[in-house]
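Shown next, in structure tokens, is the structure this report addresses.
Here is the naming used below: chain letters follow the sequence lines, and residue numbers restart at 1 for every chain.
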Protein chains: 2
Amino acid sequence: MLKLTRKIDYALVALARLAKPDVAEDSPLSARQIAEDYQMPTPLVTRLLKDLQRAGLVTSTRGAHGGYTLAMAADEIAMTLVIEAIEGPVQIAACCDETEANPCDACQVIPRCPITSKIKKLNDHVVDLFRQVTLADMIEPEVDVPSEAINIVRAGAGAS
Amino acid sequence: MLKLTRKIDYALVALARLAKPDVAEDSPLSARQIAEDYQMPTPLVTRLLKDLQRAGLVTSTRGAHGGYTLAMAADEIAMTLVIEAIEGPVQIAACCDETEANPCDACQVIPRCPITSKIKKLNDHVVDLFRQVTLADMIEPEVDVPSEAINIVRAGAGAS
DNA sequence: ATTAATAGGATCATTTCGGTACTATTTCAA
DNA sequence: TTGAAATAGTACCGAAATGATCCTATTAAT
């Protein structure tokens with residue numbers, strides 16, 4: 001259904017929380033605290049942060065007073081990075097798997113599929129869109145004027 | 001995972017088949033034949049075509065020598081229409097449900113969710129993108145030059 | 001030493017999705 | 001008028017993905 005999973009939602013909220021000014025290098029925030037702040041299941045948040053840490057999006061500090069902080073600036077954390085960290089490459093269909101030698105062969109469910117190459121192109125556009133949107137866009141204050149990046153994307157997508 | 005379901009793949013292939021020149025008002029193509037052409041499960045193709053018929057994208061003729069034909073031109077059949085016909089409105093997250101009075105209330109899984117409005121905006125861009133792409137883009141011959149619509153979208157999404 | 005935190009793995013339950021089966025109805029043709 | 005070919009509709013099943021939990025080990029500050 002072309003839908004973000006709940007995991008991604010949780011991860012974005014957690015990252016948005018870490019982007020708040022009260023979190024810094026020397027004052028990380030624990031997974032438990034993040035989960036409590038937004039009533040999210042603690043074990044799940046823990047696992048998601050671990051995934052994000054493996055991908056290099058957050059840094060972890062173990063032990064008492066430990067926790068997580070962002071590993072890079074909010075405007076560097078693109079949604080593609082978040083999605084890839086948690087559920088692998090963004091691909092709207094199986095035939096978009098770049099690791100396959102012959103893309104058309106990857107589409108094993110539909111022999112001689114007539115639209116494989118077109119689906120791949122569409123996938124590129126989706127990836128472009130999600131690479132344009134960063135954590136910074138998610139945490140900006142509530143105003144009616146969308147962010148610069150969003151405006152650019154919209155202008156492009158809206159033109160015809 | 002932000003992925004098209006196999007149903008959508010099947011539906012697109014079926015529609016692409018109906019767009020071929022051998023199918024016309026007076027010579028519809030049966031669901032069974034479409035399924036055979038691409039080795040797709042017949043009962044599933046039948047159900048998908050029924051959904052597409054309900055949405056007005058194809059017309060059906062019952063009885064012997066019956067079958068399906070496209071109900072409109074290929075460039076009028078946007079991917080959003082296909083997706084909506086088969087699995088409902090395009091919404092990348094629950095909080096994108098437009099039928100809800102208070103969008104933020106719809107996000108019942110995360111109280112005081114700080115990114116609901118931003119997710120909705122992102123959803124708008126996804127919808128825009130999928131509205132730009134039509135069946136005509138899916139069936140055009142295999143050339144390296146992408147279609148006009150795709151070019152426009154790409155130029156917009158790629159700019160920064 | 002104790003406490004508080006992450007790291008990692010194993011596991012379970014539930015929902016969704018892909019797929020099947022069966023019956024009714026309509027239409028053409030012999 | 002009868003049979004075959006097609007859609008229409010519904011109910012159902014199995015498997016895979018997803019959401020969620022539990023347990024243990026390790027690390028660091030007090």
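Checked for salt-bridge contact, B:Lys118 and A:Asp137 miss the test: no charged N lies under 4.0 Å from a carboxylate O. Salt bridge annotation for A:Arg131-A:Asp124: absent, with no cationic side-chain nitrogen under 4.0 angstrom from a carboxylate oxygen.
Residue A:Leu48 contributes atom CG, which lies 13 Å from atom P of C:dT6 at whole-angstrom precision. Between A:Asp51 atom CG and C:dG8 atom P the separation is 10 Å, expressed in whole Å. We find that CG of A:Leu4 is positioned 16 Å from C1' of D:dA17, with the value rounded to whole Å. As rounded to whole Å, 13 Å separates atom P of C:dA4 from atom CD of A:Glu36. In this entry the distance linking CG of A:Leu2 with C1' of C:dC17 reads 16 Å, nearest Å. Look at CD1 on A:Ile8: it is 16 Å from P on D:dA17, rounded to the nearest Å. Look at OH on B:Tyr68: it is 18 Å from P on D:dA5, rounded to the nearest Å. Rounding to whole angstrom units, NZ of residue A:Lys3 and P of D:dA17 are separated by 17 Å.
The residue among B:Lys7 and A:Leu49 whose nearest nucleotide of DNA chain C is located toward the 5' end is A:Leu49.
Residues that satisfy the salt bridge (Lys or Arg N to Asp or Glu O under 4.0 Å) test with A:Asp9, not counting sequence neighbours, are absent from this structure. Not a single salt bridge (Lys or Arg N to Asp or Glu O under 4.0 Å) links A:Glu76 to another residue, sequence neighbours left out. Remark: A:Thr61 pairs with A:Pro28 by the side-chain contact (heavy atoms from CB on, under 4.5 Å) rule, at least two apart or across chains. With sequence neighbours left out, the side-chain hydrogen bond (donor to acceptor under 3.5 Å, both in side chains) criterion links A:Arg47 to no other residue.
Scanning both residues, A:Tyr68 and A:Leu18, for their nearest heavy atoms gives O-CD2, 3.3 Å.
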- Contact string for nucleotides 20-30 of chain C, one letter per nucleotide 5' to 3', B = base within protein heavy-atom range under 4.0 Å, S = sugar-phosphate only, - = neither, reads B----BBBSS-
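One can find a donor-acceptor pair under 3.5 Å joining the base of D:dG9 and the side-chain atoms of B:Lys50.
Between A:Arg6 and D:dT18 there is no side-chain polar atom (N or O) within less than 4.0 angstrom of OP1 or OP2. At the phosphate of C:dG18, neither OP1 nor OP2 sits under 4.0 Å from any side-chain N or O atom of B:Tyr10.
In this structure, the separation between CD1 on A:Ile83 and CG on A:Leu4 is 5.5 Å, given to the nearest 0.5 Å.
Side chain of B:Ser60, nearest nucleotide from C:dG9, D:dT7, D:dG19: D:dT7.
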- Worked check of side chain to side chain contact (heavy atoms under 4.5 Å, CB included) between B:Leu15 and B:Leu52: CA-CA 9 Å; B:Leu15 287 170; B:Leu52 294 173; 3.9 Å; yes
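Across its full length, the helix from C:dA1-D:dT30 to C:dA30-D:dT1 shows an angle of 10° between the axes of its 5 terminal pairs at either end, rounded to 10 degrees.
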